[in-house]
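Take a look at the structure below.
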Amino acid sequence: MSSSDLHLWHPFTQEGADPAPLVIRRGQGVFLETQDGRRILDAISSWWVNLHGHSHPAIAAAIAEQSARLEHVLFAGFSHEPAEELASRLGKIVPAPLRHVFFSDDGSTAVEIALKMSVQYWRNSGRPEKCRIVALENAYHGDTAGAMSVSDSSPFTAPFDSLRLPVLRTYSASCAHCPVNLTRATCHIECLEKLERMLAERSHEIAAVIVEPLLQGAGGMIVHPEEFLTGIRRLTAEHDVLLIADEVLTGFGRTGKMFACERAGVVPDFMCVAKGLTGGFLPLAATLTTDRVHDAFTGSDRSRTFFHGHSYTANPIACAAANANLHIFDTEPVFESITAIEKVHAERLPAFAAHPFVEDVRHIGSVAAIELKVPDAGYLSTLRPRLYEFYLNRGVLLRPLGNVVYILPPYVITPRQLGDVYDVIRDSLALLSS
Ligand SMILES: Cc1ncc(COP(=O)(O)O)c(C=O)c1O
């Protein structure tokens with residue numbers, strides 16, 4: 001590095017306390033290889049994006065081929081074959097009423113678009129007073145201003161409270177810390193009653209409810225009962241409020257079905273997808289919606305237009321990567337691998353549940369979480385950096401969310417490799433007694 005080189009400012013990184021970033025030179029399957037030749041098992045799919053392993057040759061080849069043909073063209077007034085193919089492929093896997101797709105760049109932009117579309121939908125429909133959004137406790141929807149507003153208050157959002165839009169907040173079905181002090185075995189999802197009252201009293205001013213369906217990710221890998229999601233759908237339909245399903249994390253098989261909404265039999269008014277859309281190769285996102293929403297934007301009146309877009313909307317190379325990713329779902333036994341992962345979670349978690357330092361264990365599809373008992377629970381728990389370092393020293397990339405250790409692996413992880421990850425987590429529990 002010469003003195004004229006710029007300094008790299010990394011995300012979610014405290015330079016004054018965190019170790020220096022590891023330089024990675026290769027990625028292959030579940031492994032990352034550092035500049036000095038160490039292999040690290042990526043047990044969190046590089047921030048939940050990778051599906052079929054690093055550097056999957058079919059996606060790499062599709063990117064190379066598309067780059068040599070058409071790298072980019074603006075998407076206003078123009079279209080291209082990779083985007084059209086992707087729309088057709090997505091149309092076959094999303095709930096049937098979602099007939100329209102608006103592309104953007106990442107999870108946060110997919111969420112911003114759903115929020116803006118839902119508000120403008122009501123304005124275009126002659127009901128501009130329906131402009132408020134309801135979101136859940138423990139929610140995380142991204143880091144841009146709108147996405148950060150619907151995310152719950154946390155150390156991530158605290159410096160920006162003055163920038164966050166006012167949002168109505170309702171309970172999350174966080175069964176390990178039930179917001180209404182009940183137990184799942186005997187409850188009737190009473191945590192929904194707050195939303196029920198809110199919608200009964202205020203639906204005239206509410207545009208949409210936004211949820212992470214079945215699994216709240218950054219809030220602590222919180223798994224919701226399916227009845228919670230189906231209840232939200234029932235209530236929003238009854239009160240004529242739109243439902244936004246943020247499937248940025250849950251999409252593309254993470255919960256054991258292609259989408260969490262499919263698992264619960266729910267059809268939302270908007271679905272946001274990103275992360276796994278390109279198999280973890282390139283940034284690309286999509287916000288999908290219904291005829292009802294789309295048709296409120298069309299007509300001869302130009303003021304009804306959805307005035308939103310990004311320079312790289314529907315980038316052809318990213319679309320080609322997404323098409324290759326979805327082709328892998330058609331041609332490789334991806335869901336069998338996910339079932340094998342879920343089986344290991346089900347086998348290994350009970351021993352953790354019985355451990356005196358463990359507060360709760362939970363899993364859904366390929367994702368598992370172990371919540372540890374600490375005096376300073378939360379993202380800034382002092383245990384977290386010690387765990388992170390311990391795991392890296394043992395050759396495993398795990399980034400606990402505070403005192404919640406979670407596994408979210410690429411689907412190509414073998415049961416034996418996953419067993420090794422569990423062994424490392426088991427050994428790390430000794431840190432709680434030191
Ligand atoms: C549920 C959910 N929505 C939105 C986002 C934001 O996505 P991105 O980081 O691609 O902007 C994330 C990121 O973790 C997420 O988990």
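Order of appearance sets the numbers: ligands from 1, and atoms from 1 within every ligand.
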query = Would you say ligand 1 has an N or O under 3.5 Å from any N or O of K275?
reply = yes

remark   = for atom 7 (O) of ligand 1, nearest protein heavy atom and its distance come out as G107 CA, 3.2 Å

query = Are the charged groups of R263 and E226 less than 4.0 angstrom apart, N to O?
reply = yes

ask   = Which bit of H141 gets closer than 4.0 Å to ligand 1, counting heavy atoms only: side chain, backbone, both or neither?
value = backbone

inquiry  = I need the nearest protein heavy-atom contact for atom 16 (O) of ligand 1: residue, atom name and distance, please.
reply    = W48 CZ3, 3.3 Å

message = When you compare the side chains of T250 and E247, does any donor N or O come within less than 3.5 Å of an acceptor on the partner?
response = yes

ask   = Less than 3.5 Å between some nitrogen or oxygen of V248 and one of ligand 1, yes or no?
value = no

query = Looking at Y388, does the NZ or CZ of R384 lie under 6.0 angstrom from its six-membered ring centre and within 45 degrees of the ring axis?
reply = yes

ask   = For Q216 and H224, does a side-chain donor sit closer than 3.5 Å to a side-chain acceptor?
value = yes

List the atom pairs, with distances to 0.1 Å, where a side-chain N or O of residues 273-286 and a protein N or O form a donor-acceptor pair under 3.5 Å, not counting sequence neighbours.
residue : atom : partner : partner atom : Å
K275    : NZ   : W47     : O            : 3.1
T278    : OG1  : F281    : N            : 3.3
T278    : OG1  : L282    : N            : 3.0
T278    : OG1  : L282    : O            : 2.7

Ring centres under 6.0 angstrom apart (F75, Y312) = no

ask   = What do you reckon, are the aromatic ring centroids of F252 and F259 less than 6.0 Å apart?
value = yes

remark   = Closest to atom 11 (O) of ligand 1 by heavy-atom distance, out of S108, G219, P11, is S108

query = With a 4.0 Å heavy-atom cut-off (strictly under), which part of A274 contacts ligand 1: side chain, backbone, both or neither?
reply = neither

task = Please indicate whether any nitrogen or oxygen in D246 is less than 3.5 Å from any nitrogen or oxygen in ligand 1.
result = yes

Y140, portion touching ligand 1 at heavy-atom distance under 4.0 Å = both

